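What follows is one structure encoded as C-alpha cells, with my remarks underneath.
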Amino acid sequence: MVKTRFAPSPTGFLHIGGARTALFNWLFSRKNRGSFILRIEDTDIQRSTEEATKAILESLEWLGLNWDEGPYFQSRRMDIYRKHAQKLLDEGKAYFCYCTPEELEERRKKLLMEGKKPKYDRRCLGIKPPPGRKAAIRFLIPDEGETEVNDIVKGSIRFRNDELDDLIIVRSDGIPTYNFCAVVDDALMGITHVIRGDDHLNNTPKQILIYKALGYNIPLFAHVPLILGLDRTRLSKRHGATSVSAYREMGYLPEALVNFLVRLGWSCGDQEFFTVDELIEKFTLENVGKSQAIFNPEKLLWLNHEHMKRMDSDSLSRLLVPFLEKRGIRDAGREKIIKAVNTLKSRAKTLQELADFAQFYFVKDVCLDKNAAEQYLVPETLPYLILIKEELERSETIDPRTIESRIRQLAKEKSIKLLEIAQPIRVALTGGTVSPPIFDVMDVLGRDECIRRIERAINLIKSKLEG
RNA sequence: GGCCCCAUCGUCUAGUCAGGUCAAGGACGCCGCCCUCUCAAGGCGGAAACACGAGUUCGAAUCUCGUUGGGGCCA
C-alpha cells in the first residue's frame, strides 16, 4: 500500500513551498488509496516552537490536507535514533568525530580558498577520544562504487561514493541530524514514496547508504522542483506573502490555492481549473515537471476568482461573514448577504474584495465618493431622483425586471440615455459610480432602503441649492 | 570551489521518453474590438517563446556533446 508523509520543521508558519510538497504527498496517497502521515521534525529544539506546530496543523486543515496518522514528533523519538546510531557504531559503519563545528568550518573555508573539495578528511576515524572533547557521530561512506538514485521525477542519477562526505548523524550535543532521523523514521513508519523538494536530492544518496547500512528497504523517491520568486531565487519572505495563513487572511479560497499550487510544476493537458476531486482522480507523479517554477500571484488571483464564481452563493456567503465582521458588519441577514454575493461574485477576486465591495449594502449611511457626488448629485439630476423615489413609493416591493422597464420607459419619455438616470441613482444608492447593475442593487437593498437613500441624496442636493 | 538538478512566449505550461502531423498549442497578464446603466463577467481578435554553438539525421523544440544562464547541496 502506498504510504506518504509530510515532515515539516516547526520553525514558522506553513510556507507555500511546504504546502505544495504536502499537497503532492496528499494527492498521491489519495489517488492510490494509500495513507498520508504527518511528522513534525522538531529535533532543533532551539528553533522549534509549539505555536509553529499549531499554525502548520491549522493551515493543513484549512487546505483540506487531512492526515491518517500522526502527528508524530521526532523530539519524542530520540532514543530510537540513538539506538540506531549505536547499532551503526557497533557494526563499524559509523565512528566518533571529535572535531568542533568551528574547526570544521575553518577547515572547510580553507579548502575552498585553495580550490579543493571541502570534504571531511576522516582524521578522527579510529582514534582514541582526545580529553575534553565531545563526540559527534559520523556515518562512514563506502570508499568505492556509486549510488544510484532512481527518482520518479528526475530519472536515474548516479553519485560516486567518493564524492560523498561522511555525514554527521548525531551532533556533539547528542541531537541526531535531519538526514539520519528522516531515514530512520521513513523506514520505521513504512513510507513507500518520499516526495519532497529537490533541495534534498543531494542528500538522497547518503540516505540510501544509511538505509542499506541499517538493513532497511529503500523507498521510492520523487524530488519536486522548488518554487522561486520573481527574481529566480528560492521563494522567501522577501517576495511578499509566503505563508498559507497570509493567503487565507487575504481572502483566498483553499481550493484555489490548492489548484494554483498543484499547477505549479504539474499539468494535465490544457486544463487549468480543477476541483480537489478532479485532482485526486488525475494526479500522477509522472506529470510533475523537472524545472523550477516561479510563483505567479496574478494567476493565483485569477484562479481564486474562477473558484469564487463557480461556488454557490450560499457557501460563499458563509465564508464572507468573518470578513464582513472585520468591517464592523454584523447581523446583516443571511438572505441579504446571499443576494448581495450574487451581484458581486463576478466582480470580486478575493473574499476581502468581496467584503469591501459588499460594504455599501449593509452600512447605515453610504460613504459618498466626493467626485461622484459632485458630478451626479446636482440640480440637473434632482428631477430624476424625485421621479424614481415616487415610482418606488407607488410600488409595494421591488421586482428588478419591472423597475427596470419602468425606468427605461422614463428615459424614453424624457429622450435621455438610461445612463443619465442610472448614474445619479447609483451614486445615491451605493455612494460611487461603480457597482453591480443598478436594478439588482435595488433588489438587494429593498424598497424602503432605496427610498431612504434616494431621499438622502435629494436632501443633499436641496441643501446645496439653498446653501 | 566540488558535486547535483534544470533550460519552450514576461509567467505557468503542452509537445521531448517512442525525431516528421509544430511555419510550436493552451492559460495568466497585457493590448484591441463586441456586449453594455457604471464596473466586472462573457464573446472575439492581437503582440509574445523552442538560451547559444556544434554534431547525428533526408528531417531536430525533440537525440548527443559543448558553452552560457539559473537553482540546489556541502552538521
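No experiment lies behind these values; they were computed from the predicted model shown. By convention in this document, chain letters (A, B, ...) are assigned in the order of the sequence lines, proteins followed by strands, and residues within each chain are numbered from 1.
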Enclosure of A:Arg327 CZ (heavy-atom neighbours >12, cutoff 6.0 Å): yes

Selected nucleotide, minimal atom distance to A:Ser346 side chain, candidates B:C12, B:A41, B:G26: B:A41

Validation row: A:Thr177, A:Phe139 side chains within 4.5 angstrom (heavy atoms): no

Neighbour count above 12 (heavy atom, 6.0 Å) for A:Glu413 CD: yes

Any-strand Watson-Crick or G-U partner of B:A23, both distances under 3.5 Å: none

Side-chain donor/acceptor of A:Asp166 to backbone N/O of A:Ile141, under 3.5 Å: yes

Residue mapping more 5' on RNA chain B - nearest nucleotide basis, A:Gln292 or A:Asn179: A:Gln292

Presence of A:Arg408 side-chain N/O under 4.0 Å of B:C37 phosphate oxygens OP1/OP2: yes

B:G42 phosphate, OP1 or OP2, under 4.0 Å from A:Lys309 side-chain N/O: yes

Closest to the A:Lys290 side chain, choosing from B:G25, B:C6, B:C4: B:C6

side-chain N/O A:Ser267 vs B:A14 OP1/OP2, d < 4.0 Å: yes

Presence of A:Lys154 side-chain N/O under 4.0 Å of B:C5 phosphate oxygens OP1/OP2: no

